[in-house]
Structure formats: C-alpha cells, structure tokens
Amino acid sequence: FGSKRPRVQIPPLRPIPDTLDMRFSKIEFQFRRHVRILMVFLTSAGFLPCLAGASVDPEVERALDCAHSNLVSRFVGKDGLLRGWEGPDPSPKDCLEGRPSYIGWATPVENGPMFTGSWLPVVCARARRSGSTEDRALARRLAAGLMLSASVSDVPGFISRGTATDGKTHYPWGSTDQTGPWYLGLYAYLQSGLPEAWERQTIIAKIREVSDDLEARGWMLPCDGVFKDRETCGNMRDEIHWYRETTQYLFMLKATAVATGDTVWEDRYRAALLSSPTNCCLNRLEILEEGYVVDMPNIRVEPKLLWIYTHQHLMHAELALMEKDPAICRRLMKGLKADARRVACFIDSAPLPPTVREVPYSAADWTKFITWSPQRSMADSRKVAATLKKEGLRRKREERASVTVPLCAAVISAYSCDPAARAAAVRRIVGTDFSALNLCEFFWAEVWQYACGQADVLNADGAGGLRSWK
C-alpha cells in the first residue's frame with residue numbers, strides 16, 4: 001500500500017468531560033478497578049472459575065476438554081510451539097534454501113508464536129484453575145517454546161515462526177502477527193504466578209532485550225538468514241492496518257512496562273496512546289475506540305480475515321483491564337463493544353464442519369503443492385508462496401471458513417456479554433467434533449472461554465463496563 005492512499009476520514013471524537021457530575025467519578029472508578037483486580041486474582045487462583053469463562057454447562061466442558069486434549073496430543077511440537085496441522089516439519093535444508101519459500105507459509109510451522117501466544121493465556125488460566133501438574137507443565141512447555149523462538153537467532157528482536165526438525169534452524173522471516181502474540185503469551189505466563197523465580201527473571205530479561213532492540217529499530221521487525229540486515233518483515237508502529245498494529249504496539253509497550261517495572265516504558269505507552277500512526281488522522285486511543293472498522297478501507301477483514309484480528313482483541317481487553325484512567329478505560333471498552341456487535345452475525349455464518357476427518361489431509365505434505373524457485377528478495381518469496389496449488393488449499397479454506405472464522409467471531413463477540421452471541425458460540429462449540437479437524441485453529445474455542453472471563457471481569461462491578469457503556 002502506497003503512502004498516497006487517502007486517509008480515512010472519521011470525525012474527531014468529543015473528549016469525555018472530567019467533571020464532578022460525570023457519571024463515574026475517578027474515586028468511584030478506582031474503587032471498581034480494585035474490585036476487578038481482586039476478581040482477577042480470585043479467578044486466576046481458581047476461586048471464581050465462572051469468571052474465567054469456565055461454563056457450568058457440562059456439554060460445553062466436555063467439548064472444550066475434547067478440544068484441549070486434541071491440541072495437546074496432536075499439535076504441540078517438540079519445540080513447544082503449536083503446529084498448524086499434522087504434517088512433516090521442514091528440514092534445516094528447507095529453511096536455509098527457502099523451501100517452500102523463505103517465509104515458511106504452507107508449512108506446519110508457519111504460525112508458531114501467533115497461535116501459541118494466543119493459546120497460552122488460556123492454558124495458564126486452566127493450570128491455575130485445576131492446579132494439576134500436567135496443566136502446569138504444558139504452560140511451562142509453551143512458554144519455553146516462545147522463549148526458543150526469540151533465542152534461535154543472533155539477531156536481537158527477531159521472533160522466528162518455528163523451528164525445523166533440528167529444533168533450531170528457522171526461516172528468516174517473522175511478522176507482526178508472530179511478534180505481538182509472543183508478548184501476549186509470555187505476559188500471561190508471568191502474570192499467572194506459574195513460573196519459578198529463575199524462569200521469571202529469564203523471561204523478563206528476554207522481553208526487555210526484544211523491546212529495547214525494537215525500540216532502537218523504530219519498531220521495524222528484523223529479518224534473519226539471507227535477508228539479515230537487508231530487509232524487514234513488518235512495522236509494529238506505523239503499518240497501514242492501523243487497528244491491527246496499534247493494539248499490538250500499545251500492548252507490547254504496556255506489557256514491557258508491567259514486566260520490567262521500568263517507568264520509561266510506561267511513559268512511552270502514554271505518549272504512543274495519544275499520538276498517531278503515519279498517514280492516520282486518528283490518534284491510537286481513537287483507533288482503539290473505533291475498533292477494526294478503521295482498517296476496512298485497506299483490508300477486507302470480514303469475515304475471512306477475522307482470524308488474524310482476534311488476538312488483537314485479547315490485547316485490547318488486557319489494556320482495558322490494566323488501565324487506571326477512567327475516561328481512557330471507557331473509551332477502550334467502547335471499541336471492544338463495537339467490534340463485538342459487528343462480528344456476532346458471523347458465528348452462525350457457516351455450516352458445522354464434517355464429523356469425519358479427511359485422511360490423508362490434502363495439504364498435510366506441503367512439499368507437493370509449491371512450485372519452488374530461488375528467491376533473492378522477500379518479494380520473490382511472496383511470489384513463490386503464492387504458487388500453492390488449489391488442491392492444497394481446498395480443505396484448508398473449507399475448515400477455516402467452517403471452524404476458524406466462526407470461532408474467532410465468537411471470541412470477539414464475547415466482549416459484548418450478549419446472551420444471544422454466547423448462546424450461538426455454545427451451539428458452535430458443542431456441535432463441532434474437534435477430533436475430526438485437520439487444522440489446530442480450533443484452539444480459539446478455548447480462547448472464547450478465556451475472552452468470556454475477561455469480559456465478565458470488566459463487567460463485574462455492574463457499571464462502567466461494556467454492558468452499561470453506550
């Protein structure tokens with residue numbers, strides 16, 4: 001997208017008056033915020049499982065347990081990162097030669113940190129709720145996988161998509177969608193109280209290292225390997241998809257501030273909140289208040305691309321939970337509610353998936369569906385990645401339409417606390433046979449449970465939250 005693209009013209013938002021007669025005074029807000037913090041603590045400790053999104057409906061519990069067991073047994077790789085599907089991992093030679101491309105698309109490791117970082121908060125909540133050794137070990141394993149993805153390269157700030165069969169070699173290209181969830185997962189793990197003291201210090205040091213380097217780079221994401229020091233793989237701060245990157249950029253700043261305790265990161269967060277991305281007429285707070293609608297002139301979000309906009313809403317909700325200023329908090333929650341209302345119609349937008357798994361899965365062996373050629377630039381890599389044959393995409397597209405998109409819509413819609421939307425999500429989850437699916441993307445079913453918990457905590461005071469804010 002060129003820089004000459006017309007800017008989105010959205011009328012400026014009127015500031016919320018900070019007066020004694022405003023509906024919720026700062027003192028009242030702070031009291032309610034402390035109530036929310038207490039409820040978050042009780043939830044994470046397992047005393048309030050309903051607020052963690054744990055349904056009392058046994059059918060839902062059975063369905064989510066089925067989803068969880070399938071994820072653990074079939075999709076968690078040896079490196080601790082989620083695999084997109086069951087298929088051959090790339091070899092070190094594949095990664096070094098750019099097969100199927102230097103991006104790594106069409107391989108099971110294409111979205112390791114994105115999926116693992118989005119799922120880890122759920123696993124942490126489950127481990128705190130159950131207290132089981134198995135759940136705690138899984139959370140630690142996933143956190144170790146995220147740490148590995150930031151440690152396999154000698155390029156500071158580089159987050160790899162996943163590793164080859166040797167557990168170290170990797171493709172040279174990351175992305176904003178891998179980097180943002182990397183922060184989300186590790187932040188949730190730190191907040192859960194699960195890591196040992198040494199583990200906690202190691203994670204904090206790595207978050208500080210990655211953040212310091214990205215700040216020095218102007219939040220341009222570095223490449224590794226053949227593209228090291230030659231190309232970048234995304235811009236966390238000034239990408240044209242404003243909502244998509246703003247939520248991630250702000251969360252990364254805030255998570256770094258909370259994890260490290262360094263006030264400079266809180267100052268950077270506050271400054272970024274009221275400043276604007278390049279070529280955008282809104283500041284970042286106004287972008288979050290509007291929701292992802294601000295991106296729609298530049299990218300067709302609904303409904304096919306909701307799956308790359310879902311982890312941003314988890315971050316958006318976390319920012320609201322961490323916010324101390326009542327006016328800012330209400331504006332953040334307004335954007336969540338706007339998006340929740342928009343996507344509710346997509347929960348039932350597709351028929352339920354088949355109950356019999358396709359064997360063999362048509363796209364499992366990615367080596368058969370790419371026309372490979374040497375690549376001298378990332379543009380070349382994109383062209384090679386685009387040669388994926390239709391038969392390799394057919395089942396993936398069908399499952400993404402019938403499973404991933406409806407579940408992602410369910411996650412985002414959870415923030416409205418709308419009973420009808422939650423009932424639709426329950427029907428979708430209970431009606432899906434997770435053992436018959438080929439992609440790991442049904443992990444969003446468990447994330448829906450977590451998002452319901454975030455929304456319930458935000459609304460726990462009965463006022464000033466999503467239900468009451470118009």
Side-chain angles (χ1 to χ4, degrees), residues 67-92 94-95 100 102-124 126-127 134-153 155 157-190 194-195 199 202-203 206-207 210 221 224-225 233 248 307-308 310-311 314 364 366 404 437-444 446-447:
H68 185 81
S69 62
N70 270 275
L71 287 166
V72 175
S73 63
R74 295 169 52 200
F75 297 105
V76 179
K78 294 180 181 179
D79 58 5
L81 297 172
L82 274 179
R83 295 298 189 262
W85 58 87
E86 296 175 280
D89 282 354
S91 68
D94 291 328
C95 294
Y102 280 122
I103 303 176
W105 289 345
T107 69
V109 303
E110 64 181 359
N111 285 308
M114 177 182 177
F115 291 164
T116 307
S118 299
W119 186 42
L120 183 52
V122 184
V123 175
C124 290
R126 180 187 178 99
E134 181 181 350
D135 289 337
R136 294 172 70 93
L138 176 61
R140 183 166 288 111
R141 182 180 175 189
L142 298 179
L146 292 176
M147 288 290 288
L148 178 67
S149 67
S151 305
V152 292
S153 170
V155 178
F158 178 78
I159 308 296
S160 71
R161 292 174 173 271
T163 61
T165 51
D166 65 351
K168 181 177 180 180
T169 310
H170 50 278
Y171 290 107
W173 205 58
S175 75
T176 60
D177 283 337
Q178 309 305 316
T179 305
W182 182 84
Y183 279 83
L184 177 63
L186 290 179
Y187 170 80
Y189 187 57
L190 287 176
L194 296 173
E199 190 180 11
T202 302
I203 293 173
K206 179 59 71 173
I207 290 175
V210 172
L221 303 184
D224 196 9
C233 53
Q248 297 187 103
W307 71 281
I308 63 172
T310 307
H311 66 261
L314 300 178
W366 52 270
T404 308
L437 301 179
N438 296 290
L439 304 182
C440 81
E441 296 170 21
F442 60 84
F443 75 86
W444 291 116
E446 281 198 281
V447 178

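None of the values given here were measured: they were computed from a predicted structure.
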For this session: Could you label the plane-to-plane angle of the F115 and F443 rings as parallel, tilted or perpendicular, counting under 30° as parallel and over 60° as perpendicular?
Result: tilted

For this session: Using a 4.5 Å cut-off on heavy atoms from C-beta on, say whether the side chain of I207 contacts that of W182.
Result: yes

For this session: List for me each residue that meets side chain to side chain contact (heavy atoms under 4.5 Å, CB included) alongside S175, sequence neighbours excluded, and say none if there are none.
Result: R161, D177, Q178

For this session: Quick one: do V72 and L138 satisfy side chain to side chain contact (heavy atoms under 4.5 Å, CB included)? Show the steps, please.
Result: CA-CA 8 Å; V72 175; L138 176 61; 3.6 Å; yes

Exercise. Can any side-chain N or O of T163 pair as donor or acceptor with the backbone N or O of H170 at less than 3.5 Å?
Worked result: no

Problem set entry | Closest heavy-atom pair and its distance - S118, L184 | CA-CD2, 4.2 Å

Problem set entry | Heavy-atom neighbours of K168 NZ exceed 12 at 6.0 Å | no

Exercise. What residues, two or more places apart in sequence or in another chain, satisfy side chain to side chain contact (heavy atoms under 4.5 Å, CB included) together with A67?
Worked result: F434, F442

For this session: Tell me, please, which residues at least two apart from D135 pass salt bridge (charged side-chain N to carboxylate O under 4.0 Å, His left out).
Result: R126

For this session: Applying side chain to side chain contact (heavy atoms under 4.5 Å, CB included), name anything that partners L194, two or more places apart in sequence or on another chain.
Result: C124, A127, R128, R136, A139, Y189, S192

Exercise. Sequence neighbours excluded, which residues qualify as salt bridge (charged side-chain N to carboxylate O under 4.0 Å, His left out) partners of D224?
Worked result: none

Problem set entry | Backbone N/O of L146 and side chain of S149: donor-acceptor pair under 3.5 Å | yes

For this session: State which residues pass salt bridge (charged side-chain N to carboxylate O under 4.0 Å, His left out) with E199; sequence neighbours excluded, sorted by chain then number.
Result: R140

Exercise. Per the side chain to side chain contact (heavy atoms under 4.5 Å, CB included) rule, which among P92, S160, S91, P90 passes with T169?
Worked result: P92

